[in-house]
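Convention: sequence-line order gives letters A, B, ...; per-chain numbering from 1. Any value given below was found using the heavy atoms of this structure, including those in side chains, with hydrogens, waters and symmetry copies removed. No experiment lies behind these values; they were computed from the predicted model shown.
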2 protein chains.
Amino acid sequence: MMELTRKGEYAIRGIVYLATRPMDKVCLLSDIAAAVDVPPTFLAKIFQQFSKIGLVRSFRGTGGGFVLGRSPESITLLEVVEAVEGPIIPNRCVSSPSNCERSGLCNVHPVWQRVQDEVRGVLQAVTLKELSTQNKR
Amino acid sequence: MMELTRKGEYAIRGIVYLATRPMDKVCLLSDIAAAVDVPPTFLAKIFQQFSKIGLVRSFRGTGGGFVLGRSPESITLLEVVEAVEGPIIPNRCVSSPSNCERSGLCNVHPVWQRVQDEVRGVLQAVTLKELSTQNKR
DNA sequence: CATAAAAGGATATAAAATGTCTTTTTAGGG
DNA sequence: CCCTAAAAAGACATTTTATATCCTTTTATG
């Protein structure tokens, strides 16, 4: 349970790599894919999703590729994960009240709400800046 | 991402219901299933898992059924969820260091560790006692 | 207009989730 | 000792989700 999919894992790898590159340098998808060891066609889909919401900017044609859409310190891990995995929903009943017929009498409901809040909190506190700079030791 | 499966949802419903019953009263699986609106055959599998680790006790034959294996206040939501969903692993790399080839250089690793800790913390803090007593207003 | 590269759409395969069915084991009661 | 009740165990079926791949289209550059 609670497991990040490959897609999410690849998404993070890809955009973190992009964050390590100078923002004025356009990167080929194929180069990114090779660098982070992800199937290029799969990463393409992921970056298309990023592009739609502005996490990255794309350029077509010769000399095209991708750059980060915003500064690394302004992009949170939460945004990245939710961009490809959808919203973080530990239980259906948390997504909308109507989904939880028993919401009135259900004591479990607030627990999942708390789980959701905690997870989002942790992921929101981390930015691409921190993830892309080697700050261990 | 991060979504509890039906199995987990059913597991909680079933055992919470059992916790509302007097501990000396043996409950039929079919009755529990009907009460919490879960396919009986599916719930059977779930309760078999519970039984193996002692969360519930089972009795076969005439007059058989299930009772809670321990007191409601000693069983946490975490135990229930992990009993049927397996350990809470937000990312493969958290389960064992060897799974994360990049663990040395990977800044994301500690974040998933934190997510895991937070989620486990929330679920561990909740017992069947609290879940089975109507304490809202 | 030829080429490079991303975007979009359709399709394929594998794995996991969600059940169901049948048979076996265990226990109780007459 | 049989008959019945109930859980345990195992095999199977279906649906959904994950994990890609391939082909065509659009867009930009030289």
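Within the hydrophobic cluster formed by Ile, Leu, Val, Met, Phe, Trp and Tyr side chains joined at under 4.5 Å, directly or through other members, A/F59 is accompanied by A/V26, A/V67.
B/L28 has its CG atom 9 Å from the C1' atom of D/dA5, to the nearest Å. Note: CG (B/L29) to P (D/dA9) measures 14 Å, nearest angstrom. Remark: P of C/dC21 and CG of B/L43 are 16 Å apart, rounded to the nearest angstrom.
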List the steps and the verdict of side-chain contact (heavy atoms from CB on, under 4.5 Å) for B/L4 and B/E85.
CA-CA 8 Å; B/L4 192 71; B/E85 302 265 19; 3.3 Å; yes

Working note: A/S51 + A/Q48, criterion side chain to side chain donor-acceptor pair (under 3.5 Å); need CA distance, chi angles, decisive distance, verdict.
CA-CA 5 Å; A/S51 180; A/Q48 280 172 28; over 6 Å; no

Which is it for B/V122 and B/L78 under the side-chain contact (heavy atoms from CB on, under 4.5 Å) test, yes or no, and what are the steps along the way?
CA-CA 8 Å; B/V122 170; B/L78 180 64; over 6 Å; no

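Using a 4.0 Å cut-off between charged side-chain N and carboxylate O, A/R70 and A/E79 make a salt bridge. Contact check on B/E118 versus B/R114 returns no salt bridge, with no Lys/Arg side-chain nitrogen under 4.0 Å from an Asp/Glu carboxylate oxygen.
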Distances under 3.5 Å between protein N/O atoms and the N/O atoms of nucleotides 11-18 of chain C, please, pair by pair.
from: C/dT18; atom 1: OP2; to: B/R6; atom 2: N; distance (Å): 3.0

Please list, for nucleotides 25-27 of chain C, all pairs of protein and nucleotide N/O atoms separated by less than 3.5 Å.
from: C/dT25; atom 1: O2; to: B/R60; atom 2: NH1; distance (Å): 3.4
from: C/dT26; atom 1: O4'; to: B/R60; atom 2: NH1; distance (Å): 2.6

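Less than 4.0 Å separates DNA chain D from at least one heavy atom of each of the following residues of residues 46-57 of chain B: B/Q48, B/S51, B/K52.
Listed by chain and residue number, nothing satisfies the ring-ring contact (aromatic ring centres under 6.0 Å, His included) test with A/Y17 (two or more places apart in sequence, or in another chain). The ring-ring contact (aromatic ring centres under 6.0 Å, His included) test applied to B/F47 returns B/F50, B/F66, not counting sequence neighbours.
Two different hydrophobic clusters hold A/L28 and A/V16 under the rule that ILVMFWY side chains link at heavy-atom gaps under 4.5 Å.
Using modelled atom types, one finds no donor on one side chain facing an acceptor on the other under 3.5 Å when comparing B/N91 with A/E3.
A side-chain donor-acceptor contact under 3.5 Å links A/E82 to the backbone of A/I88.
Nearer to the 5' terminus of DNA chain D, by closest-nucleotide assignment, is the contact made by B/G64 (compared with the other of B/G64 and B/K45).
Distances shown here put a side-chain N or O of B/S58 below 4.0 Å from the OP1 or OP2 atom of D/dA8.
For A/T41, whose side chain is taken as the heavy atoms from C-beta onward, the closest listed nucleotide among C/dA5, C/dG19, D/dT21 is D/dT21.
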